[in-house]
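These numbers were taken from a predicted model, which means no experiment stands behind them. Protein chains get the first letters and strands the later ones, always in sequence-line order, with residue 1 at the start of each.
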Amino acid sequence: MFCEKAIELIRELQRMSDGQLPAFNEDGLRQVLQEMEALYEQNQTDVNEAKADGRAELIPSIKLRHCCLLRNQRCLTAYLYDRLLRIRALRWEYGSVLPANVRFHMCAEEVQWFTHYKKSLASFMRSLGGGEGLDITQDMKPPKSLYIEVRCLKDHGEFEIDDGTVILLKKNSQHFLPRWKCEQLIRQGVLEHVMS
Amino acid sequence: MFITDIRKEFYEVVANQRVALLVASDIDALCACKILQALFHCDQVQYTLVPVTGWQDLGTAFLEHKEQFQYFVLINCGANVDLLEMLQPDDDSVFFICDTHRPVDVVNVYNDTQIKLLIKQEDDLGVPSYDDIFRDEDDEEGGDSGNESEDGSEPSGKRRRFDEGAVERRIDRQRAKREWEARRREILFEYEQYEYHGTSAAVMLFELAWVLTKDTKDMLWWAIIGLTDQWVHDKITHMKYVTDIATMQRHVSRHNHRNEDEENSLSIDCMRISFEYDLRLTLYQHWSLYESICNSCYTTCIFKLWTLNGQKKLQEFLADMGLPLKQVRQKFNSMDMSIKENLKDVIEESSNKYGMKDIRIQTFGVHFGFKNRFLAIDMVHATAALLESTEKDESNSDNFIKALDSLSRGNLDRLHSGIDLAKKKLIAIQQTVASCICTNLILSQGPFLYCYLMEGTPDVKLFSRPMALTLLCKYLLKAFVHSARNKRCKLLPLIMAAPKDVEKGTVIVVGIPPESETSDKKNFFGRAFEKASESTSSRTLHDNFDTSIIELKTEDRSKFLDALITLLS
């Protein structure tokens with residue numbers, strides 16, 4: 001059946017949970033493009049025939065192939081776009097240097113897109129704060145105060161903060177700590193920000 | 001030592017330090033903790049909050065944190081034992097104790113350096129004076145050694161006379177010392193024999209907030225909940241409750257002053273606290289009126305709803321008020337407006353006819369948004385149910401966190417789940433009370449009444465928790481007093497035991513003072529349990545901060561009881 005390969009690509013993306021980037025399916029893409037080419041060729045010949053011989057009964061099959069072409073195009077663009085969105089999210093998750101295994105899953109053009117995005121984001125951040133620059137990738141939500149209240153979700157052991165004091169992170173204990181020290185642990189899921 | 005200026009001696013000392021908060025597991029402590037947290041957030045004082053459920057927990061928490069913290073704030077724990085001996089802290093650790101447990105241990109009172117008590121001294125404390133309990137050993141020894149040296153230097157001629165004089169003096173001193181020690185034991189015994197509770201910790205910390213002029217309506221509401229918790233769980237006398245309510249009323253009027261103006265009225269979403277002279281029917285606004293009447297201690301006991309006669313009387317009562325059964329059985333919010341309007345007055349009038357003179361109680365209610373109205377009593381029951389919920393896989397600290405969350409206005413779904421749990425708990429309590437009375441499970445053992453909940457009893461898991469069991473105990477005693485014929489039995493205290501941990505084979509034992517109108521809520525069971533346990537060498541665990549609640553091995557139950565009977569006869 002037509003368009004099945006394209007749906008395969010989409011399903012592959014859906015199977016991976018949010019944020020994970022599967023390897024770039026070069027083969028699948030090529031197969032879909034080949035199918036599209038084949039359909040296009042067939043359509044070209046049929047259209048010429050229909051125009052020349054006036055065979056109206058070819059028109060439904062032309063229409064069908066045209067629809068398949070559009071569908072394939074839509075699936076392919078959706079596949080590529082979704083991958084780009086995931087790669088964009090990776091910048092916010094991992095920072096500007098991606099781990100090697102992730103980079104392995106991206107094709108050359110995607111890597112290029114990523115570098116452009118990085119540059120764009122960096123110049124934006126530099127322009128904030130009256131030319132001083134502000135790293136907006138640091139906090140998960142816009143910070144409202146210097147200190148936040150956090151709750152410990154699992155036993156993490158001892159944790160040292162800037163002035164050298166050590167805090168024991170035990171399950172279900174609550175602490176009032178400087179925001180910047182907690183961000184990392186909140187991302188890891190060890191601490192939870194408590195809003196009162 | 002007692003702190004006189006709470007701002008200078010407590011708050012300003014900790015304001016620039018990192019503090020460890022060790023909080024006990026009861027509602028008053030939770031409310032006090034919320035107030036203190038809010039103050040610390042204001043001033044960006046870094047703190048660590050650790051929930052503790054008993055002395056062992058307290059010890060462990062202290063050991064874990066003593067390296068990192070110098071200042072410890074203990075809420076509703078620590079005042080009634082010699083804290084320094086128990087925890088063995090370093091010399092630079094300072095403890096601020098805000099505790100309602102009385103009597104305050106004398107060592108805590110007279111220690112000037114490490115223990116600071118955030119307790120009002122006007123509270124009738126009756127602490128023995130310093131000289132009665134502590135005595136410098138130096139005078140005596142100095143006297144003795146002086147005499148000896150004198151003896152040594154005197155020529156032998158006069159020695160015999162001096163010897164006699166010295167010996168007489170020594171005998172006198174020893175006698176005086178024995179007398180002093182006997183008196184000391186007596187004074188300490190009198191001081192420590194009864195356990196009771198003082199002013200709510202939440203109210204104390206609210207007053208700190210007020211002195212700092214950082215008090216908000218939220219804090220005031222928490223203070224009110226803390227105070228109501230003391231009343232619901234029968235920790236303070238009615239007189240004290242009314243006095244403290246009057247104090248809170250002054251604060252409430254002060255906060256409500258803004259609403260006087262008709263033109264600048266506050267938005268409906270703002271929090272409004274109001275004084276209510278409301279019905280003593282637990283959770284009635286979140287339940288149906290009928291259910292509430294059937295499950296509130298006061299009405300159940302006076303109607304004796306476990307008997308058929310009682311049920312009939314209830315129907316008569318409802319008919320007397322003109323409330324149709326259909327209305328009364330549906331959710332309170334869906335009752336007809338015409339009925340709801342004068343409900344309190346109608347109920348009060350009818351209750352007087354049926355012998356319920358105090359159907360109304362002074363309390364406060366909060367109102368924010370269109371749907372959210374809660375009475376302080378409702379909140380106490382909801383939070384207590386969350387704090388002691390017996391769901392599987394929930395540790396004590398999980399429950400603590402859930403209960404703490406439910407006190408914030410933003411976590412209404414938590415609060416509603418608490419209300420549902422509280423309803424189940426109340427129904428369970430009433431059913432257990434009914435079955436205990438109907439099957440005569442309460443036995444008179446001479447100096448006290450005794451009731452044991454067998455393992456297979458429905459909902460017995462709920463009663464493995466101290467607060468739930470204490471509530472059951474209180475209701476059961478009230479019901480018993482109303483149903484018993486024997487006059488003497490009505491003046492006895494009650495001890496209740498329920499299985500606590502089936503694997504370890506332990507039971508939880510609770511003792512409450514006798515039920516009376518003018519009871520001063522002083523509980524002597526703490527000391528009695530200790531003595532009985534010692535004398536029979538039963539395996540007991542006195543882990544709870546309330547000394548009248550202990551854990552006991554099931555096998556030792558009978559000999560422990562026998563010891564208690566002999567002790568108290």
Q.
Students often mix this up, so state it plainly: with edges at 30° and 60°, are the rings of Phe72(B) and Phe62(B) parallel, tilted or perpendicular?
A. tilted
Q | Over-ring placement of Arg71(A) relative to Phe2(A), 6.0 Å and 45° cut-offs | A | no
Q) chain B heavy atoms under 4.5 Å from Leu146(A): which part of the residue, side chain, backbone, both or neither? A) both
Q: Using a cut-off of under 4.5 Å on heavy-atom pairs, state which of Asn411(B), Leu21(B), Val45(B) scores highest against chain A.
A: Val45(B)
Q: Sort Leu404(B) into side chain, backbone, both or neither according to what part of it lies under 4.5 angstrom from a heavy atom of chain A.
A: side chain
Q) Which heavy-atom pair separates Ala385(B) from Gly418(B) by the least distance, and what is that distance? A) CB-O, 3.8 Å
Q | Segment of Phe69(B) engaging chain A (4.5 angstrom heavy-atom cut-off) | A | neither
**Q.** Mutual orientation of the aromatic rings belonging to Phe545(B) and Trp55(B) [parallel < 30°, tilted 30-60°, perpendicular > 60°]
**A.** perpendicular
Q. Is chain A contacted by the side chain of Asp405(B), its backbone, both, or neither, given a heavy-atom distance below 4.5 Å?
A. side chain
Q.
Given heavy-atom pairs under 4.5 angstrom as the criterion, report whether the side chain, backbone, both or neither of Glu67(B) touches chain A.
A. neither
**Q.** Proximal component of Arg409(B), with respect to chain A [non-hydrogen, under 4.5 Å]
**A.** neither
Q. How are the rings of His41(B) and Phe176(A) set relative to one another: parallel (under 30°), tilted (30 to 60°) or perpendicular (over 60°)?
A. parallel
Q.
Less than 4.5 Å apart, side chain to side chain, heavy atoms only: is that true for Leu90(A) and Arg86(A)?
A. no
